[in-house]
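Chain A is the first sequence line, chain B the second, and so forth, proteins listed ahead of strands; every chain is numbered from 1.
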Number of protein chains: 2
Amino acid sequence: MSRTRPLTPELIAAAALEVGDREGAKAMSMRRIAAELGCDPMALYRHFADRDALLDAVADLALNDVPDPDPAAGWEDRLRHLAGGIRSAALAHPGIAAHIAGRPPLHGNGRRLALAMITALVDAGLSPTQAIRTAQALVAYLSAALAMAVRVGGDGRDERWHHVNRALSESAGQPVGDALPPTGSEEQFSYGLRLLLAGIRAEAHDGRPRQHGVTTAGGG
Amino acid sequence: MSRTRPLTPELIAAAALEVGDREGAKAMSMRRIAAELGCDPMALYRHFADRDALLDAVADLALNDVPDPDPAAGWEDRLRHLAGGIRSAALAHPGIAAHIAGRPPLHGNGRRLALAMITALVDAGLSPTQAIRTAQALVAYLSAALAMAVRVGGDGRDERWHHVNRALSESAGQPVGDALPPTGSEEQFSYGLRLLLAGIRAEAHDGRPRQHGVTTAGGG
DNA sequence: ACCTGAACACCGTTCAAGT
DNA sequence: ACCTGAACACCGTTCAAGT
């Protein structure tokens with residue numbers, strides 16, 4: 001296509017993302033991406049060490065759309081907005097969602113968002129060390145929850161998580177049926193996030209002079 | 001090797017797990033597994049619909065070693081033992097850990113362990129619906145945390161998560177350095193689990209007549 | 001010196017040919 | 001009827017040959 005411009009990492013990542021959005025995660029092959037750009041597959045290796053490095057860049061590009069949280073908002077709201085924004089990005093680019101997942105937020109947007117999380121956690125009252133550990137736990141949860149969400153909602157080909165709900169609810173002694181929000185839903189996602197936020201509140205109160213009670217005052 | 005026996009799903013899964021343990025996740029190809037068994041690659045398709053189905057069986061086999069928790073123990077200890085057991089299984093079979101991760105616990109050991117989780121959560125005071133939603137959140141956290149742990153500890157080839165700690169702690173304003181337990185460590189894993197357990201306690205108390213206080217009485 | 005593309009060593013899976 | 005393996009349509013990456 002754009003054989004005029006001189007082929008930057010950004011151009012390559014954008015082409016790869018488009019291929020992924022259009023044809024799914026495993027269509028993002030070096031050969032397929034090169035074809036999209038109208039260049040030799042080997043030309044990509046001049047800008048990325050290997051396929052893994054290229055996918056890092058694609059995952060980061062997909063996070064461009066996630067805004068920084070409003071600094072005036074409370075720490076819980078900021079974390080919720082970050083999580084929601086990352087969820088939206090993952091659902092907007094299901095092809096790359098699994099990669100957003102597993103990759104360490106070393107550069108660019110990943111780093112930006114991880115730092116925003118840590119800032120919010122420090123504001124919650126955690127020490128820097130606690131904040132980083134907590135951010136890692138949050139990233140872990142987000143990763144897998146979004147991978148599940150995309151699998152289920154993506155193109156409908158993986159309904160197996162729905163079966164889990166059904167099978168488990170039967171075995172649990174009570175037929176829960178449709179009362180249970182489907183795996184990958186916004187509601188299921190927020191539920192897990194709420195558990196973590198409650199845990200963070202507890203952690204924050206532990207290291208400080210005891211507040212007057214366990215409360216949800218800061219929450220939304 | 002064992003060309004005598006008639007090639008069951010179990011035999012195939014065992015051979016695949018051995019290949020994965022010995023040569024890593026991406027060595028578990030249909031062709032390589034067939035070679036290990038001394039049979040035609042196509043013979044595997046008589047027992048599994050496709051590679052994905054075979055890997056489901058391998059992931060489940062890897063969970064054979066995870067024991068049921070002591071039913072006499074408190075619900076928190078049971079959850080901790082389940083999480084610890086799954087962590088051990090993942091570290092014992094790093095080749096398959098990423099697959100233990102993403103797969104719905106529909107059958108066999110996955111289902112067994114998911115039910116044990118749900119039972120513990122119901123004993124914690126959650127409704128069946130809450131218990132299932134919480135179990136999904138726990139599975140999400142376990143998945144990604146173990147995938148990280150294996151990536152870092154596996155064969156040393158992915159140290160990037162360590163760099164995250166270093167980079168983030170610098171940016172967070174304070175050099176945290178070695179005070180921070182490494183990503184993938186037992187300590188980091190337990191920290192995230194602790195956050196979730198605290199969240200579960202809060203959730204359990206919400207729906208019921210208020211206990212006399214927030215306590216860790218049931219914990220270890 | 002830089003770039004290219006043929007070649008290497010693989011894949012998962014289909015399907016027609018063998019027993 | 002059952003099983004086999006050649007063949008199809010791909011991979012990521014190396015490396016020697018071209019400009």
Fill in: Distance, rounded to the nearest Å, where Arg31(A) contributes CZ and dT4(C) contributes P
16 Å
Discussion item. So which atom in Tyr191(B) and which in Glu203(A) form the shortest heavy-atom distance, rounded to 0.1 Å?
Written reply: OH-CG, 3.5 Å
Worksheet item: Which value, in whole Å, describes the distance between the C1' atoms of nucleotides dC10(C) and dA9(D)?
Response: 13 Å
Worksheet item: Does NE2 belonging to His81(A) count more than 12 external heavy atoms closer than 6.0 Å?
Response: no
Response to the item:
Between CZ of Arg32(A) and C1' of dG12(D) the distance, given in whole Å, is 16 Å
Practice prompt. Take atom CG of Asp52(A) and atom C1' of dC11(D), then tell me their distance rounded to the nearest Å.
Written response: 15 Å
Item to complete: Taking all non-hydrogen atoms of both residues into account, name the closest pair between Asp50(A) and Tyr45(A) and its distance.
Response: CA-CE2, 4.0 Å
Discussion item. If I pick the C1' atom on dC3(D) and the same atom on dC15(C), what distance separates them, to the nearest angstrom?
Written reply: 13 Å
Worksheet item: Should Cys39(B) and Leu44(B) count as side-chain neighbours, where that means a heavy-atom distance under 4.5 Å?
Response: yes
Practice prompt. Compare the minimum distances between each of dC3(C), dT4(D), dC8(C) and the side chain of Ala43(B), then state the nucleotide with the smallest one.
Written response: dT4(D)
Fill in: Val122(A) versus Pro128(A), closest heavy-atom pair with distance
CG2-CA, 4.4 Å
Discussion item. What is the distance, to the nearest angstrom, from the CG atom on Leu44(A) to the P atom on dT13(D)?
Written reply: 11 Å
Item to complete: Carefully, step by step, assess Asp70(A) and Arg78(A) under the rule salt bridge (Lys or Arg N to Asp or Glu O under 4.0 Å).
Response: CA-CA 7 Å; Asp70(A) 177 4; Arg78(A) 274 183 280 161; over 6 Å; no
Fill in: Atom-pair distance (CG on Asp40(A); P on dA6(C)), nearest Å
9 Å
Worksheet item: Has the side chain of Glu36(B) got a donor or acceptor atom that lies under 3.5 Å from a matching backbone atom of Ala16(B)?
Response: no
Practice prompt. Specify the residues of residues 17-30 of chain A, ordered by number, for which at least one heavy atom lies under 4.0 angstrom from an atom of DNA chain D.
Written response: Ser29(A), Met30(A)
Fill in: Nearest atoms (heavy-atom pairs only) where Val19(A) meets Arg32(A)
CG1-CG, 3.8 Å
Worksheet item: Side-chain N or O of Arg46(A) less than 4.0 angstrom from OP1 or OP2 on dC3(C)?
Response: yes
Item to complete: Toss me the dot-bracket line for DNA chain D: Watson-Crick and G-U wobble, both under 3.5 Å, 5' to 3', using | for pairs to another strand and [ ] for crossers.
Response: ||.|||||...|||||.||
Item to complete: Starting from C1' on dC11(D), measure out to CG on Asp50(A) and report it in whole angstrom.
Response: 14 Å
Discussion item. Nearest to the side chain of Arg51(B), heavy atoms from C-beta on, is which of dG12(C), dG5(D), dC8(C)?
Written reply: dG12(C)
Worksheet item: Of the non-hydrogen atoms in Ala137(A) and Gly192(B), which two are nearest, and what is the gap between them?
Response: CB-CA, 3.8 Å
List every contact pair, protein side and nucleotides 14-19 of chain C side both N or O, where the distance is under 3.5 Å.
none

Worksheet item: Could you state the CG-C1' distance from Leu7(A) to dT4(C), rounded to the nearest angstrom?
Response: 13 Å
Worksheet item: Given the rule in the side-chain contact (heavy atoms from CB on, under 4.5 Å) test, do Leu63(B) and Val66(B) qualify, once you have shown the distances and angles that lead to the verdict?
Response: CA-CA 5 Å; Leu63(B) 293 175; Val66(B) 184; 4.1 Å; yes
Item to complete: Measure the spacing between NE2 of His107(A) and CG of Asp60(A) and express it to the nearest 0.5 Å.
Response: 8.5 Å
Item to complete: Determine, stepwise, if the pair Leu82(A) / Leu138(A) fulfils side-chain contact (heavy atoms from CB on, under 4.5 Å).
Response: CA-CA 11 Å; Leu82(A) 283 164; Leu138(A) 276 169; over 6 Å; no
Discussion item. Distance check, C1' atoms only: dT14(D) and dG12(C), in whole angstrom units.
Written reply: 23 Å
